[in-house]
Amino acid sequence: MKARIALVAALVVALIPIAYLASLAVRPADDVLNSSLFPTSWTVRNFVKVFDTIELGTMLQNSWLTAIGAALLAVAIAAPAAYFTARHVRGEGLLTVLLASYCAPPIVAVIPLFFLLRTGGLTNNVGGLILVNGIASVPVAVWLLDGFVRRIPVEIDEAAAIDGLTPSATFGKVVVPLLWPGIVAALLVVFFLSYNDFLFAVYLAVTKESQTLTVGLSLFQGDRTVQYGQQAAAGLLGVVPVYVLALTAQRYLVGGLTTGATK
């Protein structure tokens with residue numbers, strides 16, 4: 001009984017910000033600042049006008065493309081790296097180095113990344129954001145996948161070697177099919193991290209054609225007035241699909257986080 005009460009309480013606490021965001025999204029401008037939890041009048045104009053205030057459609061598209069591309073890139077790098085860290089005698093050292101690099105504040109890398117991307121013509125470009133977010137998320141993906149690889153019996157690798165498979169062939173033909181639950185979990189985690197990124201997006205993509213949703217939401221903060229209703233509507237349109245994805249794939253998310261935390 002106590003566990004259920006705690007679960008319900010946690011659910012309420014988690015949903016209150018989303019509920020209030022929805023409340024702000026359906027309020028007219030003169031009803032936003034009345035400090036009430038519930039709107040006194042309703043409108044859907046915020047959901048229409050927000051597309052005129054910012055390039056919301058383009059921003060949502062850029063956010064999804066960046067998150068999907070970064071997830072695919074990160075996992076493509078992390079999967080073989082996790083196989084090495086889990087199976088090789090020196091793997092622990094590599095895993096430690098990767099996780100240590102993730103502990104550094106990302107802001108220190110913004111200026112070098114800007115000049116590197118400018119050299120390759122990837123500033124103000126979704127491809128540049130995919131590259132940066134994908135590589136930045138590799139340590140997390142390796143950490144998650146390392147736990148999954150360790151749960152695959154090493155005897156499977158040994159049997160594949162007896163059958164004449166090379167280590168790379170063993171990884172591709174034997175380990176990867178068994179690793180799919182971990183791969184899905186890593187894809188989801190990196191997707192969410194990249195979708196929510198603001199730091200790299202605000203510095204490396206400043207044109208309207210390349211801006212993501214997180215940057216678009218910051219554009220409502222003007223010097224005089226803030227369109228809170230439109231900002232809430234934009235945030236709601238951006239977060240609801242991601243919430244649905246998270247709820248749909250929660251089994252993989254929970255499994256990925258718990259497995260990545262164990263050895």
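Residue indices begin at 1 and follow the sequence shown. These figures come from a predicted structure and were not determined experimentally.
Residues satisfying the side-chain contact (heavy atoms from CB on, under 4.5 Å) criterion with V138, sequence neighbours excluded, are A74, I77, V142. Legend: residues meeting side-chain hydrogen bond (donor to acceptor under 3.5 Å, both in side chains) with T66, ordered by chain and number and at least two apart, are absent. For S41, there are no side-chain hydrogen bond (donor to acceptor under 3.5 Å, both in side chains) partners, not counting sequence neighbours. Partners of T53 under the side-chain hydrogen bond (donor to acceptor under 3.5 Å, both in side chains) rule, at least two apart in sequence or in another chain, are Q230. Applying the side-chain contact (heavy atoms from CB on, under 4.5 Å) test to L199 and every residue at least two apart in sequence or in another chain returns P106, I107, V110, D197, Y203. For S63, there are no side-chain hydrogen bond (donor to acceptor under 3.5 Å, both in side chains) partners two or more places apart in sequence or in a different chain. Residues that satisfy the side-chain contact (heavy atoms from CB on, under 4.5 Å) test with Y228, not counting sequence neighbours, are V32, L33, V226, Q231. In this structure, the side-chain contact (heavy atoms from CB on, under 4.5 Å) partners of T207, at least two apart in sequence or on a different chain, are N124, E209, S210.
When ring centroids are compared, F148 and W180 stay outside the 6.0 Å threshold.
Applying the salt bridge (Lys or Arg N to Asp or Glu O under 4.0 Å) rule to pairs touching residues 155-165 yields R87-D157, sequence neighbours excluded.
Grouping Ile, Leu, Val, Met, Phe, Trp and Tyr by side-chain contacts under 4.5 Å, direct or through others, leaves V97 on its own. In the hydrophobic clustering, where aliphatic and aromatic side chains (Ile, Leu, Val, Met, Phe, Trp, Tyr) are joined below 4.5 Å either directly or transitively, L65 groups with V126, I130. With side-chain heavy atoms closer than 4.5 Å counting as contact, directly or through intermediates, the hydrophobic cluster containing V8 also holds V12, I16.
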